[in-house]
Every structure is written in C-alpha cells, then in structure tokens.
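Each chain gets a letter, A, B and so on, in the order its sequence line appears, and its residues count up from 1.
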2 protein chains.
Amino acid sequence: MESGPAIETTTPSARQQAVLDAVLGLMVEAGDQLTMDAVARRASCSKETLYKWFRDRDGLLTATVQWQASRVRAGRFEARALDVATLSESLRDFATTWLEVISSSASIALNRIAIGDAASRKSNLGSIVLANGRFAIGDRLKPLLEAGREAGLLAFDDSETAFRTFFGLVGRDVQIRLLLGDAIDFDAATIRRDAASAVEQFLALYGQPQRQQLPLR
Amino acid sequence: MESGPAIETTTPSARQQAVLDAVLGLMVEAGDQLTMDAVARRASCSKETLYKWFRDRDGLLTATVQWQASRVRAGRFEARALDVATLSESLRDFATTWLEVISSSASIALNRIAIGDAASRKSNLGSIVLANGRFAIGDRLKPLLEAGREAGLLAFDDSETAFRTFFGLVGRDVQIRLLLGDAIDFDAATIRRDAASAVEQFLALYGQPQRQQLPLR
DNA sequence: TAAGAGCCGAACCGTACGGTACGGTACGGC
DNA sequence: GCCGTACCGTACCGTACGGTTCGGCTCTTA
C-alpha cells in the first residue's frame, strides 16, 4: 500500500456517470440504505444494467470512488519563481482545498463507506480512497515543499515527514470528528482562517529565516 | 455534541463483562461478521440473554464501547511544580498514550463500527466514541496546558485551539490511514519517537522562551 | 418493416441476520 | 422434594438485500 499513482481506469460513459452520481447522492443523503435497488430506482435504470456495467456491488462502489476522485483533481503545483509570499500562498491553497474536500459531505460519505469496507477484508476501497486522498495530495504537495527547500525557504530532511506534519497541522481533529458524526460548522471563512494559521505554524516550524528580507511580520 | 463528561453507566457484572470482551475480540478479529449469533457463540451464552441484558444490538454495541472506554482511562494529570522538563515529559506521556490507543486494534475496530454507525443516524455510537476519545483526552490535557501557561512556559489564547494543534501534530495521518486499512508498522519505538518530535514541535510553536535558562538545546 | 441490441421494470431466489420462542438444565429458597 | 429464576442451545420467523431472470419497450440498422 505505497503511495503510487492514482489508479487510472476507463472513463465511464455519460449514462454511467449519471449512475455514479446517483450513488454519490445516495451515499450523502442516506449513507446506510445504499442498496442496489435504491441505486437502480434513483438512477432510473435496471439492476440488470448495474450488474452488467459494474459486475457487482463492489465494482459499483469502486467505480464511484474513482469517479469522485477523478473530479477532485485540482490545482497541481506549477514550478515557478518561488519567494516566501508565493510559497505560503500556494500552501494556503493546498490547505484550503484539502479542508474543503474532507469536510464535503461526499468525502465524508465516501470515507465512511471505505472504512466500513476496510473492516471486512473483502474489497479494497480503503486503499483506493487512500491512494486518491492522502497519498495523492502528498504526491502533489511534496514537489512544492522541495521547490521551497531548493529556494532556501524551507528546511527539512525528509519531505514525507514534512508533509505529514503539514497534514496534521491542517487536518487536526476535523476529519475524525466529521466521520464520527460531530456537527462542526465548517464554513468557507473558518476553512480559510484555519488554513492560514496552519500554514503559519508550518512555516514557523520549517521556514528558513530570510536574512536580507525585512523584519518580523 | 459538546465535550461533556465521559458517560457513566452502571458497571456490568463479571459475566456481562465477559460478553463484552467477546464482542471486542470479535470486532478485532472479524470486524464485519459481528452478528448476534457470533457473539452468543463466542461468549457461550444464548441470544435470549443478550437481548435481555442489552435490549438489542445497538445496546450491546453501546455497552461495549463504554466498557472499552472505561478501561482506557489512564494517567490523569496531577498538578504539581511545573518546569519545562516535567511539562514536556507530561506532554510526551499524553502523546505516547494517545498514539498507542489509536493504533490499537481494539480502537481501530471500535472506531470503524462507530463510523459505520454514524452514517445511519439510528444510534449515537459516534458521539460516545468521540466523548470518550477525542474530547476526553482534550479535557484531560487542557488543564496541563493551562498549568503550563500559568507557569509561564506556554503562550496561547485559547486552550482548545492549542489542544487541537497538539492533536494534529501527534496524530497527523495515522488514524485515517489505519482506519482505511493501511498497514503502518507502528511499534513502540516509532510511537515514542513520533510523540517526542510532536511535543518538540508543539513547544516550538507554543513554548515561551525561558529567559534565565541556558541556551538553545 | 423486420431483426436485433440495449435497457427498463418487476418478479423472483437464496441467504444472512435481527429478534423471538421454547425446551432443557442448574441452582437457591422453602 | 418442589417451585421459581436464570440461563444455555436451538429452532424458528420476518425481512432486507445481493444477484438473476424475464417480459416488454425503444431505438438502430438494414
């Protein structure tokens, strides 16, 4: 279960995407009763079609996870002239996006399903979610961190460790609380504020003092 | 869903405790097939007894969660003379204990059940787990943080915020990865090392410089 | 317009599981 | 010795759900 590239598969047809969206909608609204009957009813298709297209329930869930993952891909980092302002700006973007993702009802529902699935070792939704979530963002963020180190803005030995610290500072207790059903009000303003302070803390830990630059804040 | 004191209930009889331990064992070994039949078989009791004692499946799960929580209570903080050494020592203890808990197979199984349960709004295992996990440790740690501030060792406005940072630095991506089935090898040495570096980072962020004390590290 | 593919809707099957009922046994009080 | 209580083991019931089958509709292609 190493990082690895996000799993790539044949993109589903438009009709199939509609079905997968129905699954997502159902997950969000009623995470339990996610039955094949309910999916068929909601997507206005027959169960036969579901089984033909996705083999079985597991295949449907897997396809749904990958479908959702495929649309979360956002804001890959572009290497460019890096100063401390653009670096922390980029970090803030990452943190904001990440918090928005993990607090979205789709992500919560998906992670719940995958975690429930990880209990029974039948399928591997868990690893798919991990690959497209935690590890995908790690793969996207680490180049930025290393560019920051290259530019003398950051100091760390291991980018993986640095990333995990960043992950912790940003996520804190949010994900576990949401997964367990705690109703945090997590509006856009809060997210932006939390992201900014996480980045500030991260830079306090890993930032390299800029000598010729002017004083503290 | 506020912090609140850990829920207290009548302690189960010895025989009932044996049943609850059977549930825990079953959760750990085969988190899925946690059926009433399996519990009865494993505990060598009849289903009728299970239903008499615990009302229904939810009651059994709830009792199990509380039973497990009741034995995790450990190392409450004792107010005493506080210098930077004893403070960071205590923080390391907290962090170590916490990492041990969340990486234990019992905790993983329990959280998986509670998360799966939080999806269907039928029961409130999620809030019970939260109250006895994340919030219980918060309630135990905050007095220590405030004592540290009192002693001039720490600087923060809101102990809740400070705690959440601590929580993130310690936990990082560990819990979500374990819940999703990632097989991290998380032995005692790793835990101790991770706990120590988390505390070091926390003190770097919230520690108050000690004037009369001698130099950097 | 005939043949066929693709799909919908509904009926159906087998099984697993939550919950109940009941017969049988051990034990403590009278 | 007899009764009540508590419990075990097992059979049983109802239902929910994954998966299959089938009749019929629509649309394409020739």
For B:Trp67, what residues pass the side chain to side chain donor-acceptor pair (under 3.5 Å) criterion, not counting sequence neighbours?
B:Asp21
So, using side chain to side chain donor-acceptor pair (under 3.5 Å) as the criterion, who are the partners of B:Thr49 when residues are at least two apart?
B:Ser46
For C:dC7 and A:Thr49 - does any side-chain N or O of the residue sit under 4.0 Å from the phosphate oxygens OP1/OP2?
no
Results of side chain to side chain donor-acceptor pair (under 3.5 Å) for B:Gln17 - residues two or more places apart only
none
For residues 102-120 of chain A, which side-chain N or O atoms pair as donor and acceptor with protein atoms under 3.5 Å away, sequence neighbours left out?
unit_1	atom_1	unit_2	atom_2	d
A:Ser103	OG	A:Leu99	O	2.8
A:Ser103	OG	A:Glu100	O	3.3
A:Ser104	OG	A:Val101	O	2.8
A:Ser104	OG	A:Ser107	N	3.2
A:Ser107	OG	A:Val101	O	3.4
A:Ser107	OG	A:Asn111	ND2	3.3
A:Asn111	ND2	A:Ser107	O	2.9
A:Arg112	NE	A:Leu179	O	3.0
A:Arg112	NH2	A:Leu178	O	3.0
A:Arg112	NH2	A:Leu179	O	3.2
A:Ser120	OG	A:Asp117	O	3.3

Check DNA chain D against residues 38-45 of chain B and give the residues with a non-hydrogen atom under 4.0 Å, in numerical order.
B:Ser44, B:Cys45
Look at B:Trp53 and D:dC7 and indicate whether a side-chain polar atom (N or O) is within less than 4.0 Å of OP1 or OP2.
yes
Which pairs would a plain distance check flag for residues 22-31 of chain A, meaning a side-chain donor or acceptor within less than 3.5 Å of a matching protein atom at least two apart in sequence or in another chain?
unit_1	atom_1	unit_2	atom_2	d
A:Glu29	OE1	A:Arg42	NH1	3.0
A:Glu29	OE2	A:Arg42	NH1	3.4
A:Glu29	OE2	A:Arg42	NH2	3.0

Please report, rounded to the nearest Å, how far the C1' atom of D:dG18 is from the CG atom of A:Leu34.
12 Å
With no hydrogens and no angle check, do the side chains of A:Thr190 and A:Asp187 hold a donor and an acceptor under 3.5 Å apart?
yes
Just the atom pairs and distances: protein N or O near nucleotides 19-26 of chain C's N or O, under 3.5 Å.
unit_1	atom_1	unit_2	atom_2	d
C:dG19	OP2	B:Arg57	N	3.0
C:dG19	N7	B:Lys47	NZ	2.8
C:dG19	O6	B:Lys47	NZ	2.6
C:dC22	N4	B:Glu48	OE1	2.5
C:dC22	N4	B:Glu48	OE2	3.4

Check the distance between D:dC8's C1' and B:Lys52's NZ and give it to me in whole angstrom.
12 Å
Contacts of B:Asp185 that satisfy side chain to side chain donor-acceptor pair (under 3.5 Å) - sequence neighbours left out
none
Rounded distance (Å) that lies between atom C1' of D:dA6 and atom CZ of B:Arg15
12 Å
Residues two or more places apart in sequence or in another chain: which of them pass side chain to side chain contact (heavy atoms under 4.5 Å, CB included) with A:Ile137?
A:Phe94, A:Trp98, A:Phe163
